[in-house]
Amino acid sequence: MLDRKFIIKNADQVRDNCQRRGVSCDIDQIITLESERLEKLKLAEELNRQANETSKQIPKAESAEQRNELIEKGRDLRLQKEAVQRERDQLDATIIDLQSAIPNMTHPDVPTGGEDDAKEISFGKTPKPDFEFDTLDHVELGAKHDLFDFEAGARVAGAGFYYLKNAAVRLDLALQHYAISFLADQGFTPITTPDLALTSILKGIGFTPRGPETQIYSVEDSELNLVGTAEITLGGMLAGQTLDAEQLPVLLCGLSHCFRTEAGAAGRATKGLYRVHQFTKVEMFAFTSAESSDDMHLKMRDYECEIFDALEVPYRVIDTATGDLGGPAYRKFDLEAWMPGRGDGGAWGEVTSTSNCTDYQARRLGVRSKKTGQKGTEFVHTLNGTAVATGRAMIAILENHQLPDGRINVPKVLQPWVGCEVLEPND
RNA sequence: GGAGCGGUGGCUGAGUGGUCGAAAGCGCCGGUUUGCUAAAUCGGUGAGCCGGGCAACCGGCUCCGCAGGUUCAAAUCCUGUCCGCUCCGCCA
């Protein structure tokens, strides 16, 4: 969330920002309640000071009478204090609710608008394929090569689950292996993370489990939830920690399964592997100083581009418009791969997303940094980005690399792990 | 799953209801000295919030996993909760 003082000091800016991002919020209400809260706070502190002073006199009391008198006085002061404090806590809780609804501020270059207003920034090195034959989508290609079993997935776990088979398993592992090797070479520490996390961590990152519109699976009778992304577990790794400023940036690449209920998603786009309840993802995560998060964001975007160039998949990069940013994001770039089997005659489909969350997550997670020899601490900046979500990457690879005879080319960088240059159909 | 123990500052780790924001050590900052990829020695050194000051800083409140409770007063006692460790059981 945003800093309360910042909101009050920059009320107009924050109000404009909310409007641009299509979020309704009541800044004036926050300002009013906060000044009331400060009044209560001062009063409670003063009463507490008097009570503390009284308590200190009690052991030194000269007579039993004097002692009893002081005890009585102390009790009275504490009662008063508690009453005031309750009012203050009430106000605080209300303010936090209002405050949490306010999204992060927005990078000046972010275009205003909704999904269609995203700015197209660049294209990948691989051109869109120009097929001179009737193409198949990844589900049809999967059938030809015996790569997926959606029926069994549904039988065992319900719609939205699937089995990978044969070359799909090799591709899945190859993508993970390639992405992790690539990022390790860029200085990221490879990590495999828990696939479950505590509710408090989810909330710190900005997810709300167990709500009516939640996208999160939760485990009954426990504080655990299946993670929707390794962003949760990677960000949570340092929750509550104060880092030495010299340790920054901390660069992690995490491999995890991702689970999403996808409540309310339906239609053509849900066909096949595109929108599923479980997938595997290699995620980048960075903790940086406030000064260097913008640079790191561009770097992470470039790493995503390098990975998809290496996979020989056509894609475009977009700068997501204000209305399409999640609450914590200050700016977000998406890579959309060309998927020939999507829509009518192909369509762009999101394959990665990288966000600079500035200090929005760090404030709630309590991740600070401290410069040695300097007083105080500051919140770090957090960034996340998809290196590769194997399911969607596989769609793009299969559909773009298909040949007229039904065979499928394997991108060069994956060949060592897949074990061949071309996939031969099964039928 | 059963039994026990624990969670204290950047780190390690003491801590008897009031003299505890908390010993000691490490680390860090500064000084002195001897000197040479360092040692000795002295001093300083937690965070958040509120208020005052241009500021260095000063005053106050809070913080010993988290949330409650008892008490005039809680790191210390009680309850719940989360997490960790040890042993036993089970197990890839």
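Numbered from 1 within each chain, the chains take letters A, B, ... in sequence-line order. These numbers were taken from a predicted model, which means no experiment stands behind them.
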Using atom [atom1] of each nucleotide, how far apart are [N] and [M] to the nearest Å?
| N | M | atom1 | value |
| --- | --- | --- | --- |
| B:G46 | B:A40 | C1' | 28 Å |
| B:C36 | B:A14 | C1' | 39 Å |
| B:A24 | B:C85 | C1' | 24 Å |
| B:G17 | B:G69 | P | 22 Å |
| B:U32 | B:C50 | P | 39 Å |
| B:G35 | B:C28 | C1' | 23 Å |
| B:G80 | B:U86 | P | 25 Å |
| B:G4 | B:U79 | P | 13 Å |

Is [Y] close to [X] at the side-chain level, that is, under 4.5 Å between some pair of heavy atoms?
| X | Y | answer |
| --- | --- | --- |
| A:L2 | A:N104 | yes |
| A:F285 | A:L383 | no |
| A:L77 | A:K81 | no |

Every protein N/O within reach of nucleotides 50-56 of chain B N/O, cut-off under 3.5 Å:
{"residue": "B:C50", "atom": "OP2", "partner": "A:K5", "partner atom": "NZ", "Å": "3.0"}

Euclidean distance, atom CG of residue A:L47 to atom P of B:U62 [Å, nearest integer]: 12 Å

Atom-to-atom span, CD of A:E39 to P of B:C61 - whole angstrom: 18 Å

Identify the nucleotide, in any strand shown, that forms a Watson-Crick or G-U wobble pair with [N], with both distances under 3.5 Å; if there is none, say none.
| N | value |
| --- | --- |
| B:C66 | B:G80 |
| B:G4 | B:C85 |
| B:A92 | none |
| B:G25 | B:C11 |
| B:G59 | B:C50 |
| B:U41 | B:G31 |
| B:C72 | B:G18 |

Go through [options] for me and flag the one nearest to the [X] side chain.
| X | options | result |
| --- | --- | --- |
| A:T377 | B:C61, B:C82, B:G48 | B:G48 |
| A:K370 | B:G46, B:C72, B:U62 | B:G46 |
| A:R368 | B:G48, B:G18, B:C61 | B:G48 |

CD (A:Q19) with more than 12 external heavy atoms under 6.0 Å: no

A:E306 CD: over 12 foreign heavy atoms closer than 6.0 Å: yes

A:K332 and A:D324 ion-paired at < 4.0 Å: no

How are the rings of [X] and [Y] set relative to one another: parallel (under 30°), tilted (30 to 60°) or perpendicular (over 60°)?
| X | Y | result |
| --- | --- | --- |
| A:H277 | A:Y217 | perpendicular |
| A:Y303 | A:F182 | perpendicular |
| A:F148 | A:H138 | perpendicular |
| A:F308 | A:Y315 | perpendicular |

Main-chain N/O of A:L234 paired with A:T193 side-chain donor or acceptor, under 3.5 Å: no

Any residue of residues 50-58 of chain A with a heavy atom less than 4.0 Å from an atom of RNA chain B: A:N52, A:S55, A:I58

Sugar-phosphate, base or nothing in reach of A:L243, heavy atoms under 4.0 Å: nothing

First of A:L70 and A:D3 reached from the 5' end of RNA chain B, by closest nucleotide: A:D3

5' priority, RNA chain B, between A:D89 and A:I71 [closest heavy atom]: A:D89

